[in-house]
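Below: one structure, written as structure tokens.
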Amino acid sequence: MFFDSLFGYEAKRKRLLKKAPEGALRDFLSVPFPDKKQFFVDTPILSVDFETTGLHAINDKLLSVGFVDLHANQIPLKSSYHEIIRSKGRLKADNVTIHQITDSQKDQGESLQLVVEQLLKALTGKVMLVHFARIEREFLQQACLELYGMAPTFPMIDTLMVAKKRLDHRDVAYDPSTLRLSALRNKYQLPEHYAHNALNDAIATAELLMAQVSNMREPMQVRLADLLL
């Protein structure tokens with residue numbers, strides 16, 4: 001409890017709020033994060049996915065952002081959002097092959113500032129859900145650094161880590177490829193989805209978390225603290 005009061009998500013949020021400039025980031029930080037002691041089923045969650053030009057947040061760029069709400073074991077598709085981000089430079093052929101986002105589409109996309117503002121607005125008072133947290137965490141923090149001069153903290157659930165903790169607890173060797181989003185969805189007999197589209201992957205991640213929690217002992221008693229990174 002003492003550690004959380006000094007170094008937890010809420011403590012960091014309050015410290016950053018004092019320094020945040022007026023605008024979307026300050027509005028985001030003005031609302032408390034969900035209490036980690038509350039039940040998962042009662043927790044407002046935003047499932048988020050980014051498509052990027054690479055894996056390095058400083059040298060590479062955000063290509064697109066997709067997100068959708070997850071609350072009370074439901075995914076309201078009316079909450080879904082997908083936007084391609086306008087940026088300078090030409091895309092490499094392998095980027096286009098993977099993400100199916102062309103230079104023409106990118107050039108007509110929205111500004112980084114507008115997309116990040118929409119994401120922060122949707123994320124306010126919620127927990128961010130992702131698959132492989134490093135990408136979303138580092139790219140969003142880098143975007144906030146560029147736009148607001150500071151990198152906020154985000155309470156996050158990572159479906160990859162939820163699966164990894166379960167495997168580590170069994171203390172048996174496993175193939176890391178089994179932790180991929182598509183492999184985990186297959187494990188829980190979820191249908192195949194069109195990957196490498198930010199919104200599709202966000203919805204697929206939300207469905208996966210619901211399946212993971214439903215297979216836990218006493219799923220209705222699972223708390224946010226049991227899932228947070």
Say whether, by atom type as modelled, one donor and one acceptor occur between the side chain of [X] and the main chain of [Y] under 3.5 angstrom.
{"X": "Asp201", "Y": "His196", "result": "yes"}
{"X": "Arg90", "Y": "Asp103", "result": "no"}
{"X": "Asp60", "Y": "Leu55", "result": "yes"}
{"X": "Gln38", "Y": "Arg223", "result": "no"}
{"X": "Asp175", "Y": "Thr178", "result": "no"}
{"X": "Asp226", "Y": "Val222", "result": "no"}
{"X": "Gln212", "Y": "Thr159", "result": "yes"}

Could you tell me whether the side chain of [Y] reaches within less than 4.5 Å of the side chain of [X], counting heavy atoms only?
{"X": "Met161", "Y": "Leu179", "answer": "no"}
{"X": "Val127", "Y": "Leu227", "answer": "no"}
{"X": "His99", "Y": "Ile101", "answer": "yes"}
{"X": "Gln221", "Y": "Phe39", "answer": "yes"}
{"X": "Leu224", "Y": "Asp35", "answer": "no"}
{"X": "Thr124", "Y": "Asp27", "answer": "no"}
{"X": "Lys106", "Y": "Leu91", "answer": "yes"}

Nearest-0.5 Å distance, [atom1] of residue [X] to [atom2] of residue [Y]:
{"X": "Arg134", "Y": "Phe139", "atom1": "CZ", "atom2": "CZ", "value": "8.0 Å"}
{"X": "Leu147", "Y": "Glu117", "atom1": "CG", "atom2": "CD", "value": "8.0 Å"}
{"X": "Asp158", "Y": "Lys165", "atom1": "CG", "atom2": "NZ", "value": "9.0 Å"}
{"X": "Leu70", "Y": "Leu209", "atom1": "CG", "atom2": "CG", "value": "6.0 Å"}
{"X": "Ile85", "Y": "Gln113", "atom1": "CD1", "atom2": "CD", "value": "12.0 Å"}
{"X": "Glu51", "Y": "Gln100", "atom1": "CD", "atom2": "CD", "value": "11.0 Å"}

Quick check: is [Y] connected to [X] through a chain of hydrophobic side chains (ILVMFWY, heavy atoms under 4.5 Å apart)?
{"X": "Val31", "Y": "Leu46", "result": "no"}
{"X": "Leu145", "Y": "Val115", "result": "no"}
{"X": "Leu229", "Y": "Leu140", "result": "yes"}
{"X": "Val41", "Y": "Met210", "result": "no"}
{"X": "Ile98", "Y": "Leu199", "result": "no"}

>> I'd like to know if Glu110 and Arg86 make a salt bridge, using a cut-off of under 4.0 Å between side-chain N and carboxylate O.
In response: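 Answer for the salt bridge query: no.
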>> Please determine whether side chain to side chain contact (heavy atoms under 4.5 Å, CB included) holds for the pair Met128 and Leu123, giving the CA-CA distance in whole Å, both sets of side-chain angles, and the decisive distance to 0.1 Å.
In response: CA-CA 7 Å; Met128 186 189 304; Leu123 194 56; 3.4 Å; yes
> Side chains of Glu138 and Gln142: do they bring a donor and an acceptor to under 3.5 Å?
Replying inline: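 Gln142 and Glu138 do not have a side-chain donor-acceptor pair below 3.5 Å.
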> Hey, are Thr205 and His131 close enough side-chain-wise for a donor-acceptor pair under 3.5 Å?
Replying inline: no
> Any idea how Phe33 and Tyr9 line up, ring-wise: parallel (<30°), tilted (30 to 60°), or perpendicular (>60°)?
Replying inline: perpendicular
>> For Met150, I'd like to know if atom CE has over 12 heavy atoms of other residues, nucleotides or ligands within 6.0 Å.
In response: yes
>> Applying side chain to side chain contact (heavy atoms under 4.5 Å, CB included) to Tyr81 and Leu119, what does each step give before you reach the verdict?
In response: CA-CA 9 Å; Tyr81 173 94; Leu119 175 55; over 6 Å; no
> Do Leu167 and Arg170 pass the side chain to side chain contact (heavy atoms under 4.5 Å, CB included) test, and can you show the C-alpha distance, the side-chain angles, and the key distance before you say yes or no?
Replying inline: CA-CA 5 Å; Leu167 289 170; Arg170 291 165 53 191; 3.4 Å; yes
> Would Tyr148 and Phe28 count as a ring-ring contact (aromatic ring centres under 6.0 Å, His included) if you check the C-alpha gap in whole Å, the side-chain angles of each, and the deciding distance to 0.1 Å?
Replying inline: CA-CA 12 Å; Tyr148 311 113; Phe28 166 75; over 10 Å; no
> Linking Ile, Leu, Val, Met, Phe, Trp and Tyr through side-chain heavy atoms less than 4.5 Å apart, which residues share a cluster with Tyr188?
Replying inline: Leu181, Leu184, Leu190, Leu208
